[in-house]
Amino acid sequence: MDKFIFSILLILLVSCSSTSPANRALDTAETIMDQHPDSALSILNRIDPSELVSDKSRALYSLLITQALDKNYIDVNSDSTINTAVSYFEKTSDKRHLMLSLYYQSTIHYNCKDFSESLITLFRCYDLANELDDKFWIAVSARKISDIYHENHCVTEESEFAKIALNNFRLAGNPSFINYALHDVARAYHCNGDYNMAITITDEVLDSAKVHNDTSLKMKALELRGLSYFSLDKYDKAYDCFQSLYTSPCASTSDSAYYGIMSFYTGKTRQAIDIVNQLNSSPQLSTPLRHFLNYLFYTVTDSTHKALEMMKGISSDSDSALRDVCHQNLLGSVMEYHQYKSAVNQANLKASRAQTVTIIVITTLIIAILISVGRKRIMRQKALIDEYISMSYEMKKLIEEHPKPSPSQDEIAELPLTSKAIEQTDAQSDNRSHPSLKLLEAHFKELNLLCKNFNRENTPDARKKVNDCVTRIIDSIAADTQRIKELENYANYRHDNIMVKLRSDFPKLNEDYYLTFLFSCLGFSVPTISLLLKKENQKTTVYNYRKRLKQKFREFNGENKDSYLEAMS
């Protein structure tokens, strides 16, 4: 037993002694990389690469030195070093180091503005992070993908991956990364034109920046907030945001430029001109901002020719940005990436097939929904036509109940459905003329004829004619104060001055309640009243009006109580 323990100790001792100082330095640098990247870089710089004798150690060194430089904000523009790590780890089962190598390879492509290659590499990194179920690296790769889409104005994809990044940073539980990811989501909303949502989210970002005393995050959030207000034409609020940035010790040249722009838009012309004069000599000012600032400057100083030159510059800037986006061919990058996946991983082919099935299922569901919506619309149209026909009969009834001279034979021929009713008149009755009844009679003739034609031939054209006719009726009655007054006179004539009494007994009643009572007195149904009140999709509202009126009348102790309730029955 003692010999066995001695052998194990001897093996461990030999193993430890066989580890070179360079390899031990690599292990140390990797261990402290996340918490102390500056110390890790210092350790790596002291390693002599010639001491790294194995392919694995050379690959790890290539990864770590690239990672350390990036974490210390030193841009790397050559991929020769990181390619060593990618090539090695691609041949091994070490997915974590391959994932890291791919991420920093994509970062170098990003630094070089080769967004197409960067995107391809990032998708590979993103997939590996998902395989490892590493929430942090899912988020990191998704954030970088979102940045690439942002640079190339692909707003839908930018928003999608910004949200993925935020969700996974939250799962990983790192507050600092969560706050910046939240800013990226706000930026995506801004780029997608949802400026109010962007402003709402920046409220939360600014609160977080205050809690964590993060000046950089505060500056980014204020800039985005200011641009969103500017896009909403809220120039005073945008000015306040950029004034805070401009007065900050950390203000950048672009912050000053935006402050100048907002000064022009808020009428602070002298201040804006001073800012333009200061910035025109600054080499850090971007060309698009320079062109826009000077365009505003020449506009307010009436230098039309120079302002036109600046406008040409702005147009050229836009064209240049568009050409850059087109040259990146991000769609081709995505296609190339999927081709790569198909070549190296048969499982992804199955996923592609599953995706196709999903699309087919979703398409089928969409078609089914559209068919269902179409059917409901047709049924709604039929129900509406039925209401219009009912409205026609109610007009007929109102006309027939009012005595008037017998119609001519031509009129009888035009109105086959109501000829008998019109013929039955009382020549001895009061022949008082009511203009609104004449109008209703004319409308009734037209609507009645259209409804009969619709019953014979249900076509879109027939439906349109009926709809147009009812719209004219509603506009000629409900929207015309004089017509309403005439109808009130007629209701008073038929019901012993009931509208006069109502307005006297209930002087503060809402006008919609007056109209509901008036139309009820005239014998119109709830569907017809809802049409006349232009509440055709809210019949419940009319029911509620009638219910509340009845309740008021029941609680009323005046002498007209029974008359009101009878009129509402």
Side-chain angles (χ1 to χ4, degrees), residues 30 33-34 59-60 63 66-67 70-71 82-83 85-110 115-152 154-182 184-185 188 330-359 361-362:
E30 186 173 23
M33 180 67 71
D34 291 331
L60 184 58
L63 167 61
T66 306
Q67 185 179 21
D70 181 78
K71 283 183 172 291
I82 195 63
N83 286 348
V86 173
S87 297
Y88 174 81
F89 291 117
E90 278 182 331
K91 301 171 186 176
T92 69
S93 59
D94 189 348
K95 293 182 178 181
R96 176 163 297 278
H97 281 115
L98 176 58
M99 175 189 72
L100 295 174
S101 300
L102 289 169
Y103 177 80
Y104 289 104
Q105 186 184 54
S106 76
T107 300
I108 294 171
H109 292 314
Y110 183 89
F115 298 123
S116 178
E117 284 297 322
S118 182
L119 191 62
I120 294 171
T121 310
L122 274 171
F123 275 130
R124 292 180 63 191
C125 174
Y126 177 77
D127 281 354
L128 283 169
N130 276 285
E131 284 183 38
L132 296 169
D133 195 29
D134 189 325
K135 304 302 182 185
F136 177 79
W137 280 100
I138 292 173
V140 170
S141 53
R143 180 182 61 187
K144 184 71 77 173
I145 292 171
S146 178
D147 288 342
I148 291 174
Y149 281 128
H150 172 75
E151 290 286 340
N152 290 273
C154 302
V155 293
T156 302
E157 294 82 359
E158 175 192 0
S159 178
E160 177 184 355
F161 281 95
K163 291 174 182 177
I164 291 173
L166 176 60
N167 290 337
N168 282 278
F169 276 132
R170 282 173 171 164
L171 292 172
N174 189 313
S176 176
F177 285 96
I178 292 171
N179 294 334
Y180 280 88
L182 193 61
D184 291 344
V185 172
L330 295 189
L331 180 60
S333 300
V334 175
M335 294 175 63
E336 183 178 342
Y337 169 68
H338 283 291
Q339 290 172 358
Y340 161 80
K341 288 183 67 179
S342 297
V344 300
N345 194 338
Q346 189 63 30
N348 284 343
L349 178 60
K350 294 179 181 179
S352 178
R353 288 173 179 170
Q355 186 180 29
T356 302
V357 172
T358 302
I359 292 172
V361 170
I362 292 173

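Side chains included, hydrogens not; waters and symmetry mates left out as well; all remaining heavy atoms used.
- For the atom pair Q105 CD and L63 CG, the distance stands at 11.0 Å (nearest 0.5 Å).
- Taking 4.5 Å as the limit, every side-chain heavy atom of L119 sits out of range of all side-chain heavy atoms of F115.
- Side chain of D70 to main chain of T66: no donor-acceptor pair is present (N/O by atom type, distance under 3.5 Å, no hydrogens or angles).
- Between the T92 side chain and the F89 main chain, a donor and an acceptor come within less than 3.5 Å of each other.
- Looking at residues two or more places apart in sequence or on another chain, you find no side-chain hydrogen bond (donor to acceptor under 3.5 Å, both in side chains) involving E157.
- Contact annotation: the side chain of R170 approaches that of L182 to within less than 4.5 Å [non-hydrogen atoms, C-beta and beyond].
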Requested in this report: May I have the step-by-step check of side-chain contact (heavy atoms from CB on, under 4.5 Å) for E151 and Y110, ending in yes or no?
Outcome: CA-CA 10 Å; E151 290 286 340; Y110 183 89; 3.6 Å; yes
Requested in this report: Give the intermediate values and the outcome of side-chain contact (heavy atoms from CB on, under 4.5 Å) for residues D134 and R96.
Outcome: CA-CA 9 Å; D134 189 325; R96 176 163 297 278; 2.8 Å; yes
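- Put simply, CG on N130 and OG on S141 are 7.5 Å apart, with the number rounded to the nearest 0.5 Å.
- For the atom pair D184 CG and N179 CG, the distance stands at 11.0 Å (nearest 0.5 Å).
- A distance of 6.0 Å separates CZ of R143 from CZ of F177, quoted to the nearest 0.5 Å.
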**Report entry** Verdict with reasoning, D133 to K135, per side-chain contact (heavy atoms from CB on, under 4.5 Å)
**Finding:** CA-CA 6 Å; D133 195 29; K135 304 302 182 185; 3.0 Å; yes
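- T121 contributes atom OG1, which lies 12.0 Å from atom NZ of K144 (distance to the nearest 0.5 angstrom).
- The shortest side-chain heavy-atom distance between L100 and W137 falls under the 4.5 Å cut-off.
- Of the possible polar contacts, none joining the S106 side chain to the S118 backbone as a donor-acceptor pair under 3.5 Å is found.
- Interatomic distance, I138 CD1 to E131 CD, rounded to the nearest 0.5 Å: 10.5 Å.
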Report task. Verify side-chain contact (heavy atoms from CB on, under 4.5 Å) between Y103 and L122, making sure each step is shown before the conclusion. Result -> CA-CA 6 Å; Y103 177 80; L122 274 171; 3.9 Å; yes
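- Taking both residues in full, the closest heavy atoms of C125 and M99 are given as SG-O, 3.5 Å, listed atom of the first, atom of the second, then distance.
- Here the side chain of S101 pairs a donor or acceptor atom with the backbone of H97 at under 3.5 angstrom.
- With a 4.5 Å cut-off on side-chain heavy atoms, K71 and Y104 count as touching.
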